[in-house]
2 protein chains.
Amino acid sequence: MGITIKKIASELKLAVSTVSKALAGSHEISPETRQRVVEYARSVDYIPNAYASSLRKRTTGNIGVVLPEVADSFFSDAINGIESVARQKGYHVIIYLTHDDQQKEQAILNDFRSGRVDGVLMSVSLGDGSHTHIEEMAAQKPLVFFDRAWQDVTAARVLTDDVESGYNATHHLLEKGCRRIGFLSVHKNLNIIQQRLQGYKNALADHGRPVRDEDIIDCTHPDTNYDTLKTLLTNPNPPDGLVCSVESLTLLAYRVCHALNLAIPNAVRVVGFSNLGIAALLNPPLTTITQPAFAMGQAAATLLFNALERRTKADVPELKILPSVLHERASTQ
Amino acid sequence: MGITIKKIASELKLAVSTVSKALAGSHEISPETRQRVVEYARSVDYIPNAYASSLRKRTTGNIGVVLPEVADSFFSDAINGIESVARQKGYHVIIYLTHDDQQKEQAILNDFRSGRVDGVLMSVSLGDGSHTHIEEMAAQKPLVFFDRAWQDVTAARVLTDDVESGYNATHHLLEKGCRRIGFLSVHKNLNIIQQRLQGYKNALADHGRPVRDEDIIDCTHPDTNYDTLKTLLTNPNPPDGLVCSVESLTLLAYRVCHALNLAIPNAVRVVGFSNLGIAALLNPPLTTITQPAFAMGQAAATLLFNALERRTKADVPELKILPSVLHERASTQ
DNA sequence: TTTATTTGCGAAACCGGTTTCGTAATCATA
DNA sequence: TATGATTACGAAACCGGTTTCGCAAATAAA
């Protein structure tokens, strides 16, 4: 359909290979010929076919980003970070959404085997499924986890200091006078949750408080979370502080408190992991642990490109840890 | 690298063409041979090369979705709608983010010419730039606008009843007793803004109120919007009602009111176009005009696939209009 | 001046599929 | 039994680039 190298070649009375090399800026071609080709190509608005080129070169110039969700403010910031470094590497970023569905995640990774991308950045989807499809993928092409990662899969990863963040969140509540702090958890086999929980436990220990199992609430099932939380907060002796380990649970906690007419922070103080730009506009303004989403995206992409340029697997998977910050707002005052 | 048709062919002592046809389920191949091939292919975990196949077939199986932003809750919902129909058509959806930067948008559309996608869904980026790159693209492959569209580009479009929505928002404020209503506008050459503004004007007219130019505030420049709004609301005679024509302006209005200690809704009532799931958790809960984002995504994708299957341009560009709904909350009570 | 290098370009193979076309064998029809 | 139509498959062209290799002419070294 469009204009091809072949047409340029015949028009300029050159060989196809000559045109190709000239456009690639090869030194095999004399400057005069090269310029003649380049100018002509531009004049006819030549656009190379991405598929032909990928087929022969055996590289796509694409990296895939596999995300659970995109409404989550963390991920949309992270995408920007990723794109910022991909662009200057001349790579395309293709975003795939799993909606936290491991089936979809698997289908996506499976599709990558058809060669659509050169490398993958991913934040894993929650669920109980096996991780073999991820391992297989990691064996085929470079993979970098960011934020959410599985521990049983060997791959580079970019994380935040989750133990410390969990610690800080809990410590903050304790300092504000909370007597009993609930930890809203999701899938416990997820690294970030484990670490945040560990931080929670460490903080309690440092304050001489016991860790009570019934204060660690499993909110793995979206359908029942609302009720779970509701019963928790209507208990005779409910927690007066909540650490919400992911953004969605933070918002859920707000919903339930609003529904129960539980005043935040008077009845219960809330601190949540969140990158919501509008945390300050919530009722009440939310104290957050905010992750450096943009920087994490950049770091992850950088690790990926290192791997792509190396073409050889690092002997020991790289790990980069970035700090989160606690923004104190009215929900804990 | 991987396992190719050629390998299967030589292993099974068949021609490559036979294998290809067998895998495609061609009737040219006997059921026995077909099954033999299919089974063997599965046993060796054959994955066809997407690029080879696209190159020859001259179709990619991809549709591109070009969005200004993804943090905006409308777009993340719309993506889900798009994906839901793309999946059942066996298409991949590739998401491209412009960050409301027309340069990036242009670069993205330009890239499409290398044949990465078969069709495009887009919500245009704001700005003063020309739209010729969009027109060129529309001339090449099917394009469907959704939500944000340019009027000077001929293409199918999926919109909401923006005049009506603007009317309803304004009417709602008037009924609540507002005397002077500001309309926060962005790029006025954008269809949805024009229409929402028209609705605003109609409502004022129906209530026998004058349309005052100084009540229509242009918030086109992100950098100055905050100050613009601040001076508006610190005027001697400020508006006591605000219609915010896009989500980002709604949140901005909240920020400014909070900063100025202006009580919502007592000092000023606010209604905003927004799909934020957490509108009810804001301080105060926000009255919104909510668009059917998911359905719009579905509708847009459906139009696109119609065009792709038709292979011929519709003589008159299709148009689909879906209704929005007003959710009344505390910000206007 | 002869031999060795370098330079500039073309021919052809190649990436991995898809599609067209040809043909031998089988089947149906007269 | 002779002829026409199917059936089942293979050979080869093809999609549009990239890369290898070969070679003649120009240049450098001996």
Side-chain angles (χ1 to χ4, degrees), chain A residues 1-38 40-41 44-62 90 111-118 140-141, chain B residues 1-38 40-41 44-62 90 111-118 140-141:
Chain A
M1 268 295 68
I3 155 109
T4 68
I5 274 199
K6 203 171 300 182
K7 287 185 190 159
I8 297 180
S10 78
E11 200 64 35
L12 260 41
K13 307 216 185 305
L14 288 172
V16 195
S17 49
T18 307
V19 175
S20 174
K21 290 172 193 169
L23 291 172
S26 164
H27 54 281
E28 277 186 51
I29 306 301
S30 72
E32 301 81 49
T33 310
R34 202 187 308 164
Q35 193 179 351
R36 204 158 65 91
V37 171
V38 169
Y40 181 76
V44 296
D45 199 19
Y46 165 71
I47 307 280
N49 181 305
Y51 286 79
S53 149
S54 293
L55 178 57
R56 175 64 225 232
K57 287 202 292 189
R58 295 171 153 285
T59 83
T60 66
N62 294 329
D111 183 68
F112 285 167
R113 307 199 300 162
S114 75
R116 289 180 197 277
V117 299
D118 296 338
Q140 308 260 338
K141 50 189 71 176
Chain B
M1 267 297 65
I3 158 111
T4 68
I5 275 200
K6 203 171 299 181
K7 288 186 191 160
I8 296 180
S10 77
E11 200 63 34
L12 260 41
K13 308 215 183 307
L14 290 171
V16 274
S17 48
T18 307
V19 175
S20 173
K21 291 172 193 166
L23 290 172
S26 165
H27 54 280
E28 277 187 50
I29 306 300
S30 71
E32 302 80 50
T33 309
R34 200 187 310 163
Q35 192 177 353
R36 203 157 66 92
V37 170
V38 169
Y40 181 76
V44 296
D45 199 19
Y46 165 70
I47 308 280
N49 181 305
Y51 285 79
S53 145
S54 292
L55 177 58
R56 175 66 223 232
K57 288 201 292 191
R58 295 172 151 287
T59 88
T60 66
N62 294 328
D111 182 67
F112 285 167
R113 306 199 301 161
S114 75
R116 289 179 197 277
V117 299
D118 297 337
Q140 309 261 338
K141 49 189 72 175

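Each chain gets a letter, A, B and so on, in the order its sequence line appears, and its residues count up from 1.
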Just how far, in rounded Å, is [atom2] of [N] from [atom1] of [X]?
{"X": "B:Ile47", "N": "C:dG16", "atom1": "CD1", "atom2": "C1'", "answer": "14 Å"}
{"X": "A:Lys21", "N": "C:dG10", "atom1": "NZ", "atom2": "P", "answer": "9 Å"}
{"X": "A:Leu55", "N": "C:dG17", "atom1": "CG", "atom2": "P", "answer": "9 Å"}
{"X": "A:Arg56", "N": "D:dT19", "atom1": "CZ", "atom2": "P", "answer": "6 Å"}
{"X": "B:Ile29", "N": "D:dT6", "atom1": "CD1", "atom2": "P", "answer": "18 Å"}
{"X": "B:Ile3", "N": "C:dC15", "atom1": "CD1", "atom2": "C1'", "answer": "16 Å"}
{"X": "A:Arg113", "N": "C:dG16", "atom1": "CZ", "atom2": "C1'", "answer": "17 Å"}
{"X": "B:Tyr51", "N": "D:dT18", "atom1": "OH", "atom2": "P", "answer": "14 Å"}

Comparing A:Lys6 and B:Glu28 on DNA chain D - which has the more 5′ nearest nucleotide: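 Taking each residue's closest nucleotide, the earlier one in sequence belongs to B:Glu28.
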Of B:His27 and A:Ala52, the one whose closest DNA chain D nucleotide lies more 5': B:His27
Touch class at under 4.0 angstrom, heavy-atom based, for A:Thr33 against every strand present: sugar-phosphate
Minimum-distance nucleotide (side-chain atoms of [X] versus [options]):
{"X": "B:Arg58", "options": "C:dT19, D:dC15, D:dG17", "result": "D:dC15"}
{"X": "A:Ser20", "options": "C:dT18, D:dG16, D:dT18", "result": "D:dT18"}
{"X": "A:Thr4", "options": "C:dT20, C:dG17, D:dG17", "result": "D:dG17"}
{"X": "B:Ala15", "options": "D:dG16, C:dT19, D:dA11", "result": "D:dA11"}
{"X": "B:Leu14", "options": "D:dC9, D:dT19, C:dC15", "result": "D:dC9"}
{"X": "A:Lys57", "options": "C:dG10, D:dT19, D:dG10", "result": "D:dT19"}
{"X": "B:Ser30", "options": "C:dG17, D:dG17, D:dC9", "result": "D:dC9"}

Any N/O donor-acceptor pair, B:Ser17 side-chain to D:dA11 base, under 3.5 Å: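 It does, because a donor-acceptor pair links the side chain of B:Ser17 to the base of D:dA11 below 3.5 Å.
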Check: [Y] main-chain N/O paired with [X] side-chain donor or acceptor under 3.5 Å:
{"X": "B:Asn62", "Y": "B:Arg116", "value": "yes"}
{"X": "B:Ser20", "Y": "B:Val16", "value": "no"}
{"X": "B:Lys141", "Y": "B:Val117", "value": "yes"}

Shortest non-hydrogen contact from B:Arg34 toward B:Ile29: NH2-O, 3.1 Å
Under 4.0 angstrom between A:Tyr46 side-chain N/O and D:dG16 OP1 or OP2: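 Checking A:Tyr46 against D:dG16: no side-chain N or O falls below 4.0 Å of OP1 or OP2.
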Side-chain touch A:Lys7/A:Thr4, heavy atoms, less than 4.5 angstrom: yes
